[in-house]
Structure formats: structure tokens, C-alpha cells
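Here is the structure we will look at.
Just so we're clear, the structure is a prediction, and the values are computed from it rather than from any experiment.
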Amino acid sequence: MGTYMALVDVTDETVQNVQDLATIWGDLNGDIEALGGELLEAYAILGEHDFLVVFEADGRDGAFQTSVSIERYGLDTQTMEIIPVEDLGGLVQDI
């Protein structure tokens, strides 16, 4: 399983209040679990984007499916794989 983050923006006019968003997060969590992943964290963001969602997915295909699932709710995503800093040493080989 890989860990991914999605910067999420509300793009649908049907999402107009906090109650709408609360409903979406519950449905979204179920969708991620149905795809074999897990929603780890979700944060509201002040700034250029509206939300940050951190999730686990089964590889690139699972991350893509999760992003598509998020976008079905009128949300736009920019999804990236994230790697813990402590794991970076294992990625670098001596030259």
C-alpha cells in the first residue's frame, strides 16, 4: 500500500455548506474502503486549496481510482504519492 495526498477544491455549486461537506466525507470514506484503501486524514485548508486528504491505496491504480471517486462529488483533486522523510535514506544509493 502506498500513501497519497490529494489537494482538493470544491468545484460544484451543489456543495454550499458544511453539512453538505460532512455528508460527502462520510460517503468518500466508504468509497475509499470499497476500493481497498483507507482514509488516514482530512483537513480544511486556508489558502489556495480547500482541503487536504491523506489516504492509503493499493498502488498507482488504486490512487487513481480514489481520485476519480473524490471527483464524482463535485471536487477537483491533485493527487500525489507521499513518502515519509525517514524512508528517503533507503531510496538513495551510494555513488
Quiz item: Is the backbone of Ser67 close enough, under 3.5 Å, to the side chain of Thr79 for a donor and an acceptor to pair up by distance?
Solution: no

Quiz prompt | Between CD1 on residue Ile32 and CD on residue Gln65, distance to nearest 0.5 Å | solution = 12.0 Å

Practice problem: May I ask you to check whether Trp25 and Tyr73 place their ring centres under 6.0 Å from each other? | Solution: no

Self-check item: Whether over 12 other heavy atoms sit under 6.0 Å from Glu86 CD
Solution: yes

Quiz prompt | Closest contact, heavy atoms only, Ala57 versus Ala63 | solution = CB-N, 3.5 Å

Quiz item: What residue among Asp58, Thr66, Val68 forms side chain to side chain contact (heavy atoms under 4.5 Å, CB included) with Leu35?
Solution: Thr66

Exercise. Supply the atom-to-atom distance Phe55 CZ to Ser69 OG, rounded to the nearest 0.5 angstrom.
Key: 9.5 Å

Exercise. Rounded to the nearest 0.5 Å, what's the gap from CD on Glu71 to CG on Asp9? Could you check?
Key: 10.0 Å

Quiz item: How long is the span from the CE atom in Met5 to the CD atom in Glu81, to the nearest 0.5 Å?
Solution: 12.0 Å

Quiz prompt | Approximate separation, where rounding is to 0.5 Å, of Met80 CE and Tyr4 OH | solution = 12.5 Å

Exercise. Give the minimum heavy-atom separation between Glu56 and Leu40, together with the two atoms involved.
Key: CG-CD1, 3.6 Å

Practice problem: Give the intermediate values and the outcome of side chain to side chain contact (heavy atoms under 4.5 Å, CB included) for residues Ile70 and Leu28. | Solution: CA-CA 7 Å; Ile70 293 170; Leu28 180 60; 3.3 Å; yes

Practice problem: Using the side chain to side chain contact (heavy atoms under 4.5 Å, CB included) rule, take Leu52 and Val8 through it: C-alpha gap first, then chi angles, then the decisive distance, then the call. | Solution: CA-CA 6 Å; Leu52 169 69; Val8 179; over 6 Å; no

Self-check item: Val10: which of Leu75, Asp76, Ile24 passes side chain to side chain contact (heavy atoms under 4.5 Å, CB included)
Solution: Leu75

Quiz item: With distance as the sole criterion, is a donor-acceptor pair present between the side chains of Tyr43 and Glu41 under 3.5 Å?
Solution: yes

Quiz item: If you group Ile, Leu, Val, Met, Phe, Trp and Tyr by side-chain heavy-atom gaps below 4.5 Å, do Phe51 and Val54 land in one group?
Solution: no

Self-check item: Verdict with supporting geometry, Thr77 and Leu7, side chain to side chain contact (heavy atoms under 4.5 Å, CB included)
Solution: CA-CA 6 Å; Thr77 64; Leu7 295 170; over 6 Å; no

Quiz item: Would Asp31 and Glu33 count as a side chain to side chain contact (heavy atoms under 4.5 Å, CB included) if you check the C-alpha gap in whole Å, the side-chain angles of each, and the deciding distance to 0.1 Å?
Solution: CA-CA 5 Å; Asp31 289 354; Glu33 288 178 357; over 6 Å; no

Quiz prompt | Atom pair OG1/CG of Thr3 and Asp87 - distance to nearest 0.5 Å | solution = 9.0 Å

